[in-house]
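This report concerns only the one structure given below.
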Amino acid sequence: MNGLGEISVVDIVVADGFVLTELAGVVDTLRLANRVSALPVFKWNYRSTQGGPVASSSEAMVMTTPFEDRPDATYLFVIGNADPDCGALSLQPVIDRYTNRQATVFLLAEAASRYIKDSGDKIVSHTTHWENTELMHERGSTLDTGHAIAAQDGGIVTCAGMGTTYDVTLALIGQHVSPATKMAVANILLHDKIRDFSTAQPFSGAKGTVTGDRELDQCIEIMQANIEDPLPIGELVKVLNLSNRSLERKFRLHMNTTPNRFYRELRLTKANNLLLNTTMSVRDVGLACGFSNGFSGLYKNFYGITPAVLRKQRRAAQNIS
């Protein structure tokens, strides 16, 4: 823990389109640690390549200063921005400046994906948001990225980001404040359980969504594992040792939908991710998500736009930006 009056400096890097949830997960946790401590424990700076205002994906603005040649921060956070191909997140020289001065670097979600891609097999233990892991695999990556919420390799911590940012930052403040203070911060955040780095990400496929119903959780986990070759509901109920009517009731009670509709929408959501983040053909996307025919019509009924038009609009938007 810090000595009396000693303040740890945290640099926070943002790029255009950064995820506000992740920035809040870092800053609000540090701010609350200062609030419940006798004296301030942390100070933070917002950084970017050029400095100046940077807009989040939700259009909130942060005023930043450029990177320093000789940073004096104890920690560096690089916030994700929902674009794993973002060149502004390729920061190896900047990261090296911090690690060379014994700082610990936290890379969140897409920032972690970019670092993993740039580092190849040089980084042994790593993770990223499960959506990015799936995207990397769809693009042919053979890197075995885990589903833990965070993984540390020396001075580099790769993280899933999003809501798990609070767990990672709570772990950080635990190195500088008492356990009681750390617990007080978690309580103010209404964060009822601080997850350690090895905890599996929710919804990652490694751990099913928690509805409070064991059979329903098991059913959703089976559905998530069988996207490309969806199982008939008749086979699902046999595996679960339930009747069709019982499964219907569970989905109505907890999800306000039917098993068939939920399964179809689960596959369409995966298809949307592939359409937006890969160069797979529309037909191949449909096949990868268990739609051997009629994919474009089902997609339009759900999203209100055909896959081909979506791709065209996305390319036009990228050309403008």
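Computed from a predicted model, the values in this text were never measured in an experiment.
- Within the 3.5 Å criterion, the main-chain N or O of A15 finds no donor-acceptor partner in the side chain of N81.
- When atom types are taken as modelled, the side chain of Q152 and the backbone of G154 share a donor-acceptor pair closer than 3.5 angstrom.
- Counting only residues at least two apart or in different chains, ring-ring contact (aromatic ring centres under 6.0 Å, His included) contacts with residues 177-197 are absent.
- Checked by atom type, the side-chain pair E248/N244 shows no donor-acceptor distance below 3.5 Å.
- Looking at heavy atoms from C-beta onward, N34 lies in side-chain contact with W44 at the 4.5 angstrom threshold.
- When all heavy atoms of M280 and R311 are compared, the pair lying nearest together is O-NH2, 2.7 Å.
- For the pair M255 and L216, the minimum side-chain heavy-atom distance is below 4.5 Å.
- Hydrophobic cluster membership differs between V157 and V9, with clusters built from Ile, Leu, Val, Met, Phe, Trp and Tyr side chains linked at under 4.5 angstrom.
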Assess whether side-chain contact (heavy atoms from CB on, under 4.5 Å) is satisfied between L236 and I222, documenting all intermediate values. CA-CA 8 Å; L236 273 172; I222 294 170; 3.4 Å; yes

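- In this structure, CD1 on I233 lies 11.5 Å from CG on L242, to the nearest 0.5 angstrom.
- Distance NZ/K270 to CD1/I227: 6.5 Å, rounded to 0.5 Å.
- R47 and E68 are joined by a salt bridge, as a carboxylate oxygen and a charged side-chain nitrogen come within less than 4.0 angstrom of each other.
- Looking only at distances, no side-chain donor or acceptor of T164 sits under 3.5 Å from a matching main-chain atom of D167.
- Here the two rings, on H176 and Y75, have centers that are under 6.0 Å apart.
- Formation of a donor-acceptor pair under 3.5 Å by the T64 side chain with backbone atoms of G52 is found in this model.
- Within a 6.0 Å radius of CG in N301, more than 12 heavy atoms belonging to other residues, nucleotides or ligands are found.
- To the nearest 0.5 Å, atom OG1 of residue T165 and atom CG of residue L170 are 10.5 Å apart.
- There is a side-chain donor-acceptor pair under 3.5 Å between S113 and T128.
- For V19 against I79, the heavy-atom pair with the smallest separation is O-CG2, 3.6 Å.
- Proximity of Y263 to R267: side-chain heavy atoms (C-beta onward) are separated by under 4.5 Å at one or more points.
- Every pair passing ring-ring contact (aromatic ring centres under 6.0 Å, His included) that includes a residue from residues 94-120 is listed here, sequence neighbours excluded: F77-F106.
- Of the N and O atoms on the side chains of D118 and S90, at least one donor lies less than 3.5 Å from an acceptor on the other residue.
- Of all the heavy atoms in M63 and P53, the pair that sits closest is SD-N, 3.6 Å.
- Shown here for D153 and S125, the closest heavy-atom pair between the two residues is OD2-N, 3.3 Å.
- To the nearest 0.5 angstrom, M183 atom CE is 12.5 Å from I188 atom CD1.
- Between R97 and R70, the closest side-chain pair of non-hydrogen atoms is not below 4.5 Å.
- Looking only at distances, a side-chain donor or acceptor of T269 sits under 3.5 Å from a matching main-chain atom of E265.
- The two residues L268 and L298 make their nearest non-hydrogen contact at CD1-O, 4.1 Å.
- A heavy-atom distance below 4.5 Å is not found between the side chains of K300 and I305.
- In this structure, the side chains of V54 and D16 come closer than 4.5 Å at one or more pairs of heavy atoms.
- The shortest distance between side-chain heavy atoms of V41 and I7 does not fall below 4.5 Å.
- What you find for L108 and G161 is that their closest heavy atoms are CB-CA, 4.2 Å.
- The NZ atom of K43 sits 9.5 Å away from atom CG of D11, with the distance rounded to the nearest 0.5 Å.
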side-chain contact (heavy atoms from CB on, under 4.5 Å), that's the test. Do L23 and F18 meet it? Break it down for me. CA-CA 8 Å; L23 183 65; F18 70 86; 3.6 Å; yes

Determine whether E235 and V239 satisfy the following criterion, side-chain contact (heavy atoms from CB on, under 4.5 Å), listing intermediate values before the conclusion. CA-CA 6 Å; E235 288 188 30; V239 173; 5.6 Å; no

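- Ion pairing of D217 with R214 is absent here, as no side-chain N (NZ or NE/NH1/NH2) approaches a carboxylate O to less than 4.0 Å.
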Going through the checks in order, is the side-chain contact (heavy atoms from CB on, under 4.5 Å) test met by K182 and I194? CA-CA 10 Å; K182 174 181 171 182; I194 303 173; 3.6 Å; yes

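- V168 and M162 are members of different hydrophobic clusters when ILVMFWY side chains are connected at heavy-atom separations under 4.5 Å.
- Between the side chains of N272 and Y299, at least one donor-acceptor pair of N or O atoms lies under 3.5 Å.
- Rounding to the nearest 0.5 angstrom, the gap separating the CZ atom in F42 from the OG atom in S37 is 7.5 Å.
- Judged by distance alone, the side chains of T169 and T29 never bring a donor and an acceptor atom under 3.5 Å apart.
- The hydrophobic cluster containing L253 does not contain M223, counting ILVMFWY residues as joined when their side-chain heavy atoms lie under 4.5 angstrom apart, directly or transitively.
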Using atom types as modelled, flag every donor-acceptor pair under 3.5 Å from a side chain in residues 281-295 to any protein atom, sequence neighbours excluded.
unit_1: S281; atom_1: OG; unit_2: D284; atom_2: N; d: 3.0
unit_1: S281; atom_1: OG; unit_2: D284; atom_2: OD2; d: 3.3

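- No donor-acceptor pair under 3.5 Å is formed between the side chain of Q201 and the backbone N or O of I149.
- At a threshold of 4.5 Å between non-hydrogen side-chain atoms, the residues L76 and T104 do not count as touching.
- Both V14 and V10 are assigned to one and the same hydrophobic cluster, defined by single-linkage of ILVMFWY side chains at heavy-atom distances under 4.5 Å.
- Using modelled atom types, one finds a donor on one side chain and an acceptor on the other under 3.5 Å when comparing S198 with D196.
- Taking the ring axis of F251 as reference, the NZ or CZ atom of R249 does not stay both within 45° of it and closer than 6.0 Å to the ring centre.
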